Asker: 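Please see the structure below; I have some questions.
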Amino acid sequence: MQALRNLPKIDKFITHDAFRDLSPALVTQIAQEQIETLRRKILAKELETFTEEALVESVFDAYHTLLSPSLKPLINATGVILHTNMGRSLIDPRILDNAAKVICSYSNLEYDQEAGCRGERYAHVSTHLTALLGVEDVLVVNNNASAVFLVLNTFAKGREAVVSRGELVEIGGSFRIPEVMSQSGALLHEVGATNKTKASDYAHAINSNTAMLMKVHRSNFTIEGFSEETPYREIKALAARHGLIDYYDLGSGYIPELPYNLSTVELPIAKVLEDDPALISFSGDKLFGSVQAGIIAGKKELIDQLKQNQLLRMLRVDKITLSILEESIKAYLEQRYELIPTLRLLFTDISVLRERAETMRQAIGSAQCDVIETMTFMGGGTLPNREFPTIALHLHGKATRLERTFRKHDIIGRIEKDAFLIDLRALEPQHDARIIETSREVCI
Ligand SMILES: *Cc1c(COP(=O)(O)O)cnc(C)c1O
């Protein structure tokens, strides 16, 4: 068993020159594991010899693999602004810089400075949010899924929530309204048909165990043709007449009117609030363009009851979320939409995109690519089936090969009709140079 005797002593092994700039503790841990593996293999006669150099190299590689970042930036050239797989909304660095002052310091998160005693963490954003939305009160939780869960659990546990059959949606990532309902303890009372639900359907469903009339936005699909949905104000009126709570899960929620007539399919929050819903909820990182959060807004009396629910502790948001959200809301109050990247990208004029694409085309070479006008989607469970215009760079060559190669360079493009496209809609101008550089490398 010569090989066994040749296994290095750990103390000496870690002093090897190759490990000079590395953490001794981590080198020791990795080396111990690898030496132990070698020992086992030698004893099992799976291995007869090894070299110390190979072991050094293997430990060195394992060290760097372990420390290489898993979460890393990518360039989104798919044209989909709210790309769920790529992190949904972007946060503007200026928003983050301001928030960092609070995040990196002690703060008044739960401290009432005037009274010198414990304060409420939810008080911070609520001042700004109620001013922005014009509602009585708000509550912020971990995400909109939590918001739906908390609302149902608080008001409809063991009781019935009435929902249209056309709205029993599944959002990506296995969020299904019927399942969320049953988990929350609420009893789902489905009404209407898939394509049609009338006010009378809701009215007939109401019984002594009904707690709530709920509307869910069809975030990722549309129903076309012979269809009818009940206007929210009729649902609201019905709930009021029977002393029930009405709740509208908007999915996404946004502030200013959107371009390309997009606001006709999905209403801005202000329009939804014209019907005076008792409660609404929406995501912080869909069209609202801020951090992951669930924003619940509506009647103070109901928000107070939500705050009494013990579950809130499990769904509560951290100071990181609160401070970023507060900065985004302040940007909205001043209508500084340039600080909301989701809106900035959506509102970028097609002529600006075309000019950037032309510059890129010239830098890459006209034989390698051309500029096309095409259509894209918002994504992220918003504005379903609504296309709007965009500009893309069509790179010549086999689309699947180009897609793969660019992906290896951290640039995610899209294939449309067998053509590989770099779509400029969700591409920030500071990344144009990377696109040029990579295209020159790849497309020769
Ligand atoms: C997206 C969405 C949710 C879930 O929101 P998250 O913020 O992703 O948790 C719930 N309901 C609807 C209708 C949605 O579109």
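The structure presented is a predicted model; accordingly, all values stated were derived computationally and were not measured. Counting starts at 1 for both ligands and their atoms, in listed order. Sequential numbering from 1 along the given sequence is applied to the chain's residues.
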Asker: Using a strict 4.0 Å cut-off to heavy atoms of D249, name the atoms of ligand 1 that fall inside it.
Answerer: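 Counting atoms of ligand 1 from 1, those under 4.0 Å from D249 are 10 (C), 11 (N), 12 (C), 13 (C).
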Asker: Give me the residue, atom name and distance of the protein heavy atom closest to atom 15 (O) of ligand 1.
Answerer: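 Nearest protein contact, heavy atoms only, for atom 15 (O) of ligand 1 is S219 OG, 2.4 Å.
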Asker: Between E274 and L267, is a side chain to side chain contact (heavy atoms under 4.5 Å, CB included) present by the stated rule, with each step listed?
Answerer: CA-CA 11 Å; E274 280 175 10; L267 299 177; over 6 Å; no
Asker: Any N or O of H217 that comes nearer than 3.5 Å to an N or O of ligand 1?
Answerer: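 Such a contact does not occur with ligand 1.
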Asker: Below 3.5 angstrom, do we get any N/O pair linking A293 and ligand 1?
Answerer: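 N/O-N/O distance under 3.5 Å: no.
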Asker: Looking at non-hydrogen atoms alone, which of Q292, R88, K286 comes nearest to atom 8 (O) of ligand 1?
Answerer: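 Going through Q292, R88, K286 one by one, R88 has the nearest heavy atom to atom 8 (O) of ligand 1.
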Asker: When you compare the side chain of P259 with that of L346, does any pair of heavy atoms fall below 4.5 Å?
Answerer: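 Yes, their side chains come closer than 4.5 Å.
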Asker: Please write down residue, atom name and distance for the protein heavy atom closest to atom 9 (O) of ligand 1.
Answerer: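 Minimum-distance protein heavy atom for atom 9 (O) of ligand 1 reads A145 N, 2.8 Å.
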Asker: Taking the side chain as everything from C-beta on, heavy atoms only, tell me whether L395 gets closer than 4.5 Å to F406.
Answerer: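 Of all side-chain heavy-atom pairs linking F406 with L395, at least one is under 4.5 Å.
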Asker: Counting each atom of ligand 1 from 1 as listed, which ones have a heavy atom of F175 under 4.0 Å away?
Answerer: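 Counting from 1, the qualifying ligand atoms are 10 (C), 11 (N).
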Asker: Within 45 degrees of the ring normal and closer than 6.0 Å to the centroid, is that where the cationic atom of K286 sits relative to Y254?
Answerer: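 Judged by the rule, K286 and Y254 form no cation-pi pair.
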Asker: Give me the residue, atom name and distance of the protein heavy atom closest to atom 7 (O) of ligand 1.
Answerer: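 Looking at atom 7 (O) of ligand 1, the protein heavy atom closest to it is S283 OG, 2.5 Å.
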Asker: Is it true that V169 lies under 4.0 Å from ligand 1, counting heavy atoms only?
Answerer: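 Checking ligand 1 against V169, which is what was asked, there is no heavy-atom contact under 4.0 Å.
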Asker: Do you know which two heavy atoms are closest between L238 and A199, and how far apart they sit?
Answerer: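 What the structure gives for the nearest pair is CD2-O, 3.7 Å.
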Asker: Side chains of T405 and H409: does their closest heavy-atom pair fall under 4.5 Å?
Answerer: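 T405 vs H409: side chains touch.
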Asker: Do any N/O atoms on N144 end up under 3.5 angstrom from N/O atoms on ligand 1?
Answerer: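 Between N144 and ligand 1, an N or O pair is found under 3.5 Å apart.
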Asker: State whether the side chain of R425 and the backbone N or O of G79 hold a donor-acceptor pair below 3.5 Å, judged by distance alone.
Answerer: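 Not a single qualifying donor-acceptor pair exists.
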